[in-house]
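A short write-up of the structure that comes next.
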Amino acid sequence: MVDIHECAVVLVQEPDHAAAAAANPDPSSISAGAWRPFEDAAAAVVGRIQPSVSSEDRRAAVVHYVQRLIRCSVGCEVFPFGSVPLKTYLPDGDIDLTAFGSTSSDENLANEVRAVLESEELRKDAEFEVKDVQYIHAEVKLVKCLVQNIVVDISFNQIGGLCTLCFLEQVDERFGKKHLFKKSIMLIKAWCYYESRILGAHHGLISTYALEILVLYIFHLFHKSLDGPLAVLYRFLDYYSKFDWDNKGISLYGPVPLSSLPELVSEAPDTHDVDFLKREEFLKECAQRFTVPPRNFERNTRLFSRKFLNIVDPLKQNNNLGRSVSKVVV
């Protein structure tokens, strides 16, 4: 492990900007030799929290078990999405699944799945331990349970999660740097969940997908200067701590003045990276490829709804990813 108190940071900066930079230095102003020990420490943290072979095998076994159970009992297919197939889940992260039925409504399908899981919960000879089965009757129907003490969330006919997974996989591959995007998501998720306690949509906090889009925007804006997860976390904290959340929202293509709503008008971000426009073109093409198609009962005319935190879903422009966040007055 690296003792950060023994690491001397040498700043390379212009004399005229010394006072301002000393309080909050730009990562690019720190010499590579001085920055490396801190990145090594961050890499050690990522190494401890990233999916291990045993945790992947354990989750894969649970996924296959639930897939077989629902396929044989209800006759529909189940697919994993979210952090587990993306391999960015934290050690105590849950498993997100979506079940696709042919003609059943989401509510009927949810009730059938709930009944199957409740029956399995009562079986003493069940292959895996199932307990705490719950049905969440919300806009998006959800069945929650514990399988082998792992939280499993099952939604119904939700193609959006699969589109998001494909989109983020494409982004990680395109941005390269040895999966730096995924490693950064893990480090920032760990900071948000364990340190700052701001991650968790079910508790009125930010959702994982919203956080991933915020991280992606940092990559889009500062890609050239990002060489390690710690640099991404630094940029993340520095940029969003100064962002005018009261008057603006975030989209992948720049800040969105809330005064422009319900229209989504992005402001050009302040960047001098010559490859920025190429990345923007890629993101737009990729987002268009994986855009979430509206379901039969959804209206295409639905407008982006202003909340306390406003983040535009690149795959569904009228979806505010910050909608789960409740305003907290301290």
Side-chain angles (χ1 to χ4, degrees), residues 2 4 24-28 30 35-52 55 81-94 96 164-165 167-243 245 249-252 255 269 279 283 309-314 321-322 324-325:
V2 177
I4 62 174
N24 197 15
D26 188 294
S28 61
I30 304 174
W35 189 256
R36 176 48 49 193
F38 294 99
E39 282 290 5
D40 289 342
V45 172
V46 173
R48 292 292 298 273
I49 63 175
Q50 69 184 1
S52 64
S55 72
F81 66 96
S83 299
V84 170
L86 194 63
K87 301 186 188 302
T88 57
Y89 59 88
L90 297 179
D92 49 358
D94 57 8
D96 291 307
T164 298
L165 173 62
F167 174 68
L168 295 176
E169 284 284 9
Q170 288 284 301
V171 166
D172 177 70
E173 182 180 338
R174 172 65 173 78
F175 283 8
K177 299 187 178 183
K178 299 180 179 179
H179 298 291
L180 180 57
F181 178 60
K182 290 186 179 183
K183 292 175 183 176
S184 301
I185 286 175
M186 282 185 281
L187 183 64
I188 294 173
K189 278 176 67 174
W191 182 85
C192 290
Y193 186 74
Y194 298 118
E195 297 295 327
S196 62
R197 310 288 182 178
I198 61 173
L199 183 64
H202 298 309
H203 301 288
L205 305 173
I206 193 170
S207 70
T208 296
Y209 181 31
L211 182 65
E212 289 165 343
I213 295 304
L214 292 179
V215 175
L216 178 53
Y217 183 63
I218 294 298
F219 261 79
H220 181 27
L221 205 54
F222 302 106
H223 182 264
K224 187 176 181 180
S225 65
L226 301 176
D227 294 314
L230 185 64
V232 181
L233 173 59
Y234 190 109
R235 288 288 194 185
F236 179 91
L237 297 176
D238 181 62
Y239 184 84
Y240 291 121
S241 66
K242 298 173 182 175
F243 191 78
W245 292 105
I250 281 286
S251 78
L252 279 189
R279 290 196 300 274
L283 288 172
L309 186 69
N310 298 281
I311 304 168
V312 181
D313 184 347
L321 297 179
S324 62
V325 177

Which donor-acceptor pairs under 3.5 Å do the side chains of residues 184-199 make with protein atoms, sequence neighbours left out?
unit_1	atom_1	unit_2	atom_2	d
S184	OG	L180	O	2.7
K189	NZ	S83	OG	3.0
K189	NZ	T88	O	3.0
Y194	OH	D92	OD1	2.9
S196	OG	W191	O	3.3
S196	OG	C192	O	3.2

Residue set satisfying salt bridge (charged side-chain N to carboxylate O under 4.0 Å, His left out) with R174, at least two apart, ordered chain then number -> none
Per side chain to side chain contact (heavy atoms under 4.5 Å, CB included), L321 is matched among I206, V312, I213 by I213
Sequence neighbours excluded, the answer for side chain to side chain contact (heavy atoms under 4.5 Å, CB included) partners of E39 is W35, R36, A42, P229, L230, A231
Sorted by chain and residue number, the side chain to side chain contact (heavy atoms under 4.5 Å, CB included) partners of S324 (sequence neighbours excluded) come out as A201, S207
Taken to the nearest 0.5 Å, the spacing of D172 CG from Q170 CD works out to 10.0 Å
Contacts of T164 meeting side chain to side chain contact (heavy atoms under 4.5 Å, CB included) (sequence neighbours excluded), chain-then-number -> L168, Y209, L315
Charged N-O contact under 4.0 Å between K182 and E169:
yes
Residues at least two apart in sequence or cross-chain that pass side chain to side chain donor-acceptor pair (under 3.5 Å) with K177, listed by chain then number, are none
Rounded to the nearest 0.5 Å, the CZ atom of F219 sits from the CG atom of L283 at a distance of 12.0 Å
Between W245 and L214, the two heavy atoms sitting closest are CH2-CD2, 4.1 Å
CG of L221 to CG of L216, rounded to nearest 0.5 Å, is 11.0 Å
- Heavy atoms, side chains only, cut-off 4.5 Å: are V84 and D96 in contact? no
I want to check something: taking the side chain as every heavy atom from C-beta on, are Y239 and I250 in contact at a cut-off of under 4.5 Å?
yes
Here the pair of heavy atoms bringing H220 nearest to F175 is N-CE2, 4.1 Å
Parallel under 30°, tilted from 30 to 60°, perpendicular over 60°: which one fits the rings of Y240 and Y217?
tilted
